[in-house]
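Everything quoted here is computed from the prediction, not taken from an experiment. Hydrogens, waters and symmetry mates play no part in the numbers below; they use all other heavy atoms, side chains included.
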Amino acid sequence: MCLLLLQSYNNMGTMSRCTGWCLLQSDPHGPNPGAEYRRLLGGGGARRHPQSAQHPPAGQWPLVSYPGADASLCGMAATGASGTNAVRYGTIRDNVLNLEVVLPGGQLLHTAGQGRHYRKSAAGYNLTGLFVGSEGTLGLITAATLRLHPAPETTVAATCAFPSVQAAVDSTVHILQAAVPVARIEFLDEVMMDACNRHSKLDCRVAPTLFLEFHGSEQALGEQVQRTEEITQSNGAFHFSWAKEAEERSQLWAARHNAWYAALALRPGCKGYATDVCVPISRLPEILVQAKEDLKASGLTGTIVGHVGDGNFHCILLVDPEDTEELRRVEAFAQQLGRRALALHGTCTGEHGIGLGKRQLLQEEVGAVGIETMRQLKATLDPRGLMNPGKVL
């Protein structure tokens with residue numbers, strides 16, 4: 001296990017700009033026992049496009065450093081976010097070992113103890129877990145110690161087009177049920193694929209599509225690829241394209257990470273409204289197909305894209321902010337989608353958080369006792385209500 005410590009200064013714990021320095025440190029019992037201790041200096045932001053001074057040494061891979069929409073690491077910790085690699089390596093919550101937090105009263109808290117970065121602990125309450133996903137309501141995250149993973153020996157990516165949303169999502173479920181260790185498996189509906197083709201100059205089929213990536217040895221990848229092709233073909237896949245060269249893979253994933261901007265280009269002059277939900281994998285086909293039907297029935301312009309390997313997907317809706325009736329339809333769609341997820345034993349948000357718009361859905365999700373417990377925690381840590389007032393609760 002390798003560690004990445006990033007000093008940051010952020011905006012109330014949400015979408016922070018990480019600046020200053022980072023320390024890469026090795027675990028002698030981890031996969032890279034020979035790695036040196038390093039202290040790297042860099043004045044830029046530890047964001048989706050980190051400066052060269054902030055790149056970890058060869059063979060160490062910060063899986064959470066490449067989210068979409070130009071997110072930052074401490075901002076991701078504050079919002080409980082994740083990226084396209086989460087299906088194999090976990091979300092930001094699974095990869096944060098320690099946080100430095102400035103509490104509302106000015107005290108400096110190290111959630112796991114100053115300088116500590118152990119693999120497991122049964123000591124006291126899980127304060128790190130409390131602040132990950134707190135949306136800036138409990139304190140200001142100023143540094144994060146993150147887990148690094150060894151870089152894979154070989155990487156292969158692919159796109160696979162399907163005749164329907166149902167076929168694409170069924171394939172996702174079957175791949176996961178077959179225990180194929182995919183590193184990434186992303187869904188894009190035909191509207192999103194058309195937008196990505198135009199915005200990122202791709203030449204993919206305009207159809208419901210899966211973007212996949214596999215990590216491992218040459219031998220292991222051969223087995224994973226063969227099994228995946230069998231599963232997708234059994235679900236009617238009609239266009240399977242492999243991207244084995246680094247440049248091809250980079251273009252493919254850059255297009256996926258720029259999906260937000262591609263969607264905005266579908267309706268110039270309008271604003272984007274994004275909402276997300278997450279459900280158990282077995283219920284994913286049901287809700288995704290229904291969401292597609294609901295989107296068509298609403299008359300709204302929008303796309304569906306998601307980290308379907310986690311059961312998580314996003315709807316990006318394009319709305320005229322001056323059109324109050326359209327805004328009402330957008331908000332109604334988001335509320336309906338959230339309640340559909342709750343009815344399937346899922347959550348009203350897998351990544352985007354509660355903020356202001358999903359406070360009622362949060363109450364429906366966790367219940368009165370859950371909300372009251374959160375209120376008591378908030379009142380204890382932030383009795384004056386200074387941190388992101390009105391958010392979440």
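- Here the shortest heavy-atom pairing between G83 and E351 reads N-OE2, 4.3 Å.
- In the hydrophobic clustering of ILVMFWY residues, with side-chain heavy atoms under 4.5 Å counting as a link, V225 and I175 come out together.
- Between the side chain of R375 and the main chain of L393, no donor-acceptor pair closer than 3.5 Å is present.
- Between the side chain of T91 and the backbone N or O of R93 there is at least one donor-acceptor pair closer than 3.5 Å.
- The distance from atom CD1 of I92 to atom CE of M76, rounded to the nearest 0.5 Å, is 5.0 Å.
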Less than 3.5 Å apart, which donor and acceptor atoms pair up between the side chains of residues 290-297 and the rest of the protein, not counting sequence neighbours?
unit_1, atom_1, unit_2, atom_2, d
Q290, NE2, D294, OD1, 3.0
K292, NZ, D189, OD2, 2.8
K292, NZ, E190, OE2, 3.0
D294, OD1, R340, NH2, 3.4
D294, OD2, R340, NE, 2.7
D294, OD2, R340, NH2, 3.3

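- For the atom pair T301 OG1 and I316 CD1, the distance stands at 13.0 Å (nearest 0.5 Å).
- Checked by atom type and distance alone, the side chain of D310 never pairs as donor or acceptor with a backbone atom of N312 at under 3.5 Å.
- Between V96 and T145, the closest side-chain pair of non-hydrogen atoms is not below 4.5 Å.
- Residues W253 and E248 bring no donor and acceptor atom of their side chains to less than 3.5 Å of each other.
- In this structure a side-chain-to-backbone donor-acceptor pair under 3.5 Å is present from T209 to A207.
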Apply salt bridge (Lys or Arg N to Asp or Glu O under 4.0 Å) to K244 and E213, showing your working.
CA-CA 10 Å; K244 297 183 179 180; E213 189 168 276; over 6 Å; no
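- The shortest side-chain heavy-atom distance between R328 and F333 does not fall under the 4.5 Å cut-off.
- Both Y273 and L337 belong to a common hydrophobic cluster when Ile, Leu, Val, Met, Phe, Trp and Tyr are linked at side-chain heavy-atom distances under 4.5 angstrom.
- Counting all heavy atoms, side chain and backbone alike, R329 lies closest to S298 at NH1-O, 2.7 Å.
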Solution key, residues 357-365 side-chain donor-acceptor pairs under 3.5 Å, sequence neighbours excluded:
unit_1, atom_1, unit_2, atom_2, d
K358, NZ, T275, OG1, 3.1
K358, NZ, D276, O, 2.8
K358, NZ, C348, O, 2.6
R359, NE, L356, O, 3.2
R359, NH1, G390, O, 2.9
Q360, NE2, E364, OE2, 3.3
E364, OE1, R339, NE, 3.0
E364, OE2, R339, NE, 3.3
E364, OE2, R339, NH2, 2.7
E365, OE1, T347, OG1, 3.1
E365, OE1, C348, N, 2.9
E365, OE2, T347, OG1, 2.8

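- Residues H149 and N85 bring no donor and acceptor atom of their side chains to less than 3.5 Å of each other.
- Taking each heavy atom of A167 and N235 in turn, the nearest pair found is CB-O, 3.3 Å.
- Under the 4.0 Å criterion applied to side-chain N and carboxylate O atoms, R249 and E245 are not assigned as salt-bridge partners.
- F162 contributes atom CZ, which lies 12.5 Å from atom NE2 of H239 (distance to the nearest 0.5 angstrom).
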Could you please spell out the steps behind the side chain to side chain contact (heavy atoms under 4.5 Å, CB included) verdict for L108 and E100?
CA-CA 7 Å; L108 188 64; E100 179 186 273; 3.5 Å; yes
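- Scanning for side-chain contact (heavy atoms from CB on, under 4.5 Å) contacts around A112 gives N98, Y118, T128, with sequence neighbours left out.
- With hydrogens and angles disregarded, no donor-acceptor distance shorter than 3.5 Å links the side chain of N95 to the backbone of L146.
- Inspection of the S217 and E153 side chains reveals no N or O donor paired with an N or O acceptor under 3.5 Å.
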For side chain to side chain contact (heavy atoms under 4.5 Å, CB included), just list the numbers for R88 and F214, CA-CA rounded to whole Å, side-chain angles, deciding distance to a tenth of an Å, and then say yes or no.
CA-CA 10 Å; R88 179 162 179 174; F214 305 89; over 6 Å; no
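- Of the possible donor and acceptor atoms, none in the side chain of T172 sits under 3.5 Å from a partner among the backbone N and O of G309.
- Note: T232 OG1 to F240 CZ = 4.5 Å, rounded to the nearest 0.5 Å.
- Taking every heavy atom of both residues into account, L327 and P321 meet most closely at CD1-O, 3.4 Å.
- Two residues are said to be in side-chain contact when any heavy atoms from C-beta on lie closer than 4.5 Å; F187 and L284 fail this criterion.
- Aromatic ring pairs are classed by plane angle as parallel below 30°, tilted from 30° to 60° and perpendicular above 60°; the pair H314 and H352 is parallel.
- To the nearest 0.5 Å, atom CG of residue N258 and atom SG of residue C196 are 8.0 Å apart.
- Looking at heavy atoms from C-beta onward, C160 lies in side-chain contact with L212 at the 4.5 angstrom threshold.
- Between atom CG of residue D382 and atom CE of residue M387 there is a gap of 6.5 Å, rounded to the nearest 0.5 Å.
- Looking at heavy atoms from C-beta onward, Y89 lies out of side-chain contact with R147 at the 4.5 angstrom threshold.
- The backbone N or O of V319 lies less than 3.5 Å from no partner atom in the side chain of D323, so there is not a single donor-acceptor pair.
- Among all heavy-atom pairs drawn from V308 and E186, the shortest one is CG2-C, 4.2 Å.
- Checking side-chain atoms of H174 against main-chain N and O of D170 turns up a donor-acceptor pair under 3.5 Å.
- A salt bridge between R283 and E286 is present, with a side-chain N of the basic residue lying under 4.0 Å from a carboxylate O of the acidic one.
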Go through the steps for L381 and F131 under the test side chain to side chain contact (heavy atoms under 4.5 Å, CB included), then give the verdict.
CA-CA 11 Å; L381 291 172; F131 283 89; 4.2 Å; yes
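- A heavy-atom distance below 4.5 Å is found between the side chains of H257 and T84.
- Listed for the E135 side chain is a donor-acceptor partner under 3.5 Å among the backbone atoms of I354.
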Audit row: E247, Q251, side chain to side chain contact (heavy atoms under 4.5 Å, CB included) steps and yes/no:
CA-CA 6 Å; E247 185 176 349; Q251 183 185 21; 5.9 Å; no
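- Hydrophobic clustering places I281 together with L210 (ILVMFWY residues linked when any side-chain heavy atoms are closer than 4.5 Å, directly or through intermediates).
- Put simply, L266 and M193 are part of two different groups of oily side chains (I, L, V, M, F, W, Y) that touch within less than 4.5 Å, one to the next.
- Here the side chains of H307 and V87 are not in contact, with every heavy-atom distance at 4.5 Å or above.
- Taking the side chain as every heavy atom from C-beta outward, F211 and I185 never approach each other to under 4.5 Å.
- Summarising the geometry of S134 relative to T137, their closest heavy-atom pair is O-OG1, 2.6 Å, with the distance given to 0.1 Å.
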